Amino acid sequence: SELFLSKIKERPTILCANPEDKVLGLVGLAVDDRKVEVVDNWLRSRSIEFSSISSQEAPVETKKGLAVRYLAASSIKPQDMEALKAKVGTPLDAANYSTRLGSLPNRPQPITEKPTKLVKPQTLPDRSAKPALNGKYSTLHQMANGERQVSQFIEQQRWQCKQLYEQLSRQVRQYPGFGRASNWEVDVGVALLVLKESSDANEVGRVLSQSDRLQEWKVLLPEDEYKTKGKIYIEQVYTQAHSILETQQEHKQGLEIE
């Protein structure tokens with residue numbers, strides 16, 4: 001009986017990543033709130049940076065018996081990400097994540113004996129007392145607070161990418177012949193510097209998302225057009241930088257053979 005109840009109460013682990021999360025280098029992780037300590041210890045042991053989301057910030061997940069963590073994708077080693085995917089599946093987008101949450105029953109509460117009700121004498125209501133805040137609006141208030149804190153975390157990640165882009169672009173412009181380089185040439189140079197440190201294409205995308213050209217499009221273009229055009233631009237810059245890097249490596253290998 002106890003084993004059966006524990007299986008009913010056990011919650012799945014879910015990875016999720018919205019398009020904006022991917023650009024900012026974040027991966028969401030929803031875990032059984034009774035296994036949080038084990039999961040947090042594992043994340044720390046793998047040097048994976050993460051931020052905890054309180055139960056007030058994630059009311060739906062909390063009701064389902066889940067705790068939420070935001071992981072910094074850049075701190076996750078490829079083998080650790082593969083281990084996570086093998087264990088819990090690939091990250092879900094927003095729609096599938098919402099559907100998965102909706103399919104889960106609420107966390108069953110422990111069965112306890114109901115205390116004997118004492119019948120109190122009927123009294124007139126206290127008209128001076130203020131009415132309690134309606135549950136619906138209380139939930140909205142909690143959700144707003146949660147969204148605000150998540151937004152602050154996302155904004156921090158965006159700021160870090162912006163700082164890194166500015167640092168690398170200044171470095172590129174200091175190279176001979178790059179003093180008056182175009183935005184395209186500078187962005188290819190920035191992508192090259194990122195690729196020399198990390199082979200992760202997403203890392204290049206996160207940094208380039210804060211480039212001068214994309215920030216200009218963000219202001220001038222409608223959101224859908226900006227996202228489409230920005231994605232194509234980042235892919236083109238990455239392809240060019242990757243091609244240059246491969247050519248350099250082939251040339252270096254040729255010299256070593258000679």
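In this text, all values refer to a predicted model and were calculated from it rather than measured experimentally.
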Report task. Would you give the length of the straight line joining atom OH of Y70 to atom OG of S52, rounded to the nearest 0.5 angstrom? Result -> 12.5 Å
Report summary line: Tightest non-hydrogen contact, residues E185 and A181, listed as OE1-CA, 3.3 Å
Query - Inter-residue atom distance T228.OG1 - E223.CD, 0.5 Å rounding - result: 10.0 Å
Requested in this report: Heavy atoms only: give me the nearest V194-V207 pair and the separation to one decimal.
Outcome: CG2-CG2, 4.2 Å
Query raised in the report: Is the backbone of Q210 close enough, under 3.5 Å, to the side chain of K162 for a donor and an acceptor to pair up by distance?
Result: yes
**Report entry** Close side-chain approach of D187 and I234, heavy atoms under 4.5 Å
**Finding:** no
Report task. Identify the heavy atoms of A58 and V68 that sit nearest to each other, and give their distance. Result -> CB-CG2, 4.0 Å
Query raised in the report: What's the shortest heavy-atom distance between L26 and A17, and which atoms?
Result: O-CB, 4.4 Å
Requested in this report: Check each of L164, V204, V172 against V190 using the side chain to side chain contact (heavy atoms under 4.5 Å, CB included) test, and report the only one that passes.
Outcome: V172
Query raised in the report: Which distance, rounded to the nearest 0.5 Å, do you find between the CG of N202 and the OG of S209?
Result: 11.0 Å
Query raised in the report: Hey, does the side chain of S169 reach the backbone of Y165 with a donor-acceptor pair shorter than 3.5 angstrom?
Result: yes
Query raised in the report: Of E216, K218, K231, which is the lone residue that meets side chain to side chain contact (heavy atoms under 4.5 Å, CB included) with Y226?
Result: K218
Report task. Nearest 0.5 Å please: distance from the CD1 atom of I53 over to the CD atom of E61. Result -> 9.5 Å
Query raised in the report: Are the side chain of N41 and the backbone N or O of E37 linked by a donor-acceptor pair below 3.5 Å?
Result: yes
Query raised in the report: Just wondering, do L245 and L192 contact through their side chains at under 4.5 Å, heavy atoms?
Result: yes
**Report entry** Test item: N106 and K64 side chains (from C-beta on) under 4.5 Å apart, heavy atoms
**Finding:** yes
Report task. Measure the CG-OG1 distance between L92 and T99 for me, rounded to the nearest 0.5 Å. Result -> 9.0 Å
Query raised in the report: Is the shortest heavy-atom distance from the side chain of T13 to the side chain of K87 under 4.5 Å?
Result: no
Report task. Just do the side chain to side chain contact (heavy atoms under 4.5 Å, CB included) check on S51 and R69 with the steps written out, would you? Result -> CA-CA 6 Å; S51 174; R69 300 290 183 263; over 6 Å; no
Query raised in the report: With no hydrogens and no angle check, is any side-chain donor or acceptor of Q171 less than 3.5 Å from a backbone partner on L193?
Result: no
Query - Sidechain-backbone polar pair: T62 side chain, S55 backbone, donor-acceptor under 3.5 Å - result: yes
Requested in this report: Flag the pair C16 / R100 as yes when at least one side-chain heavy-atom distance between them is below 4.5 Å, and no otherwise.
Outcome: no
Query raised in the report: Looking at CG of L43 and OG of S45, how far apart are the two atoms once the value is rounded to the nearest 0.5 Å?
Result: 7.5 Å
Query raised in the report: In terms of hydrophobic clustering (I, L, V, M, F, W, Y; side-chain heavy atoms under 4.5 Å; direct or indirect links), are V186 and W184 co-clustered?
Result: yes
Query raised in the report: Any donor-acceptor pair under 3.5 Å linking the side chain of S243 with the backbone of T239?
Result: no
Query raised in the report: Side chains of D40 and F50: does their closest heavy-atom pair fall under 4.5 Å?
Result: yes
**Report entry** Ion pair E203/R206, N-O distance below 4.0 Å
**Finding:** yes
Query raised in the report: Would V36 and V31 count as a side chain to side chain contact (heavy atoms under 4.5 Å, CB included) if you check the C-alpha gap in whole Å, the side-chain angles of each, and the deciding distance to 0.1 Å?
Result: CA-CA 7 Å; V36 167; V31 302; 4.1 Å; yes
Query raised in the report: Taking all atoms of both residues into account, what is the closest heavy-atom pair of V27 and M81, and its distance?
Result: CG2-CE, 4.3 Å
Requested in this report: Considering non-hydrogen atoms only, spot the tightest contact between L208 and L214 and give its length.
Outcome: O-CD2, 3.8 Å
Requested in this report: Kindly indicate whether the side chain of L84, heavy atoms from C-beta on, has any atom under 4.5 Å from the side chain of L15.
Outcome: yes
Query raised in the report: Are K229 and L221 side-chain neighbours, meaning at least one heavy-atom pair lies under 4.5 Å?
Result: yes
Query raised in the report: Does any N or O in the side chain of S75 come within less than 3.5 Å of the main-chain N or O of E49, such that one atom is a donor and the other an acceptor?
Result: yes
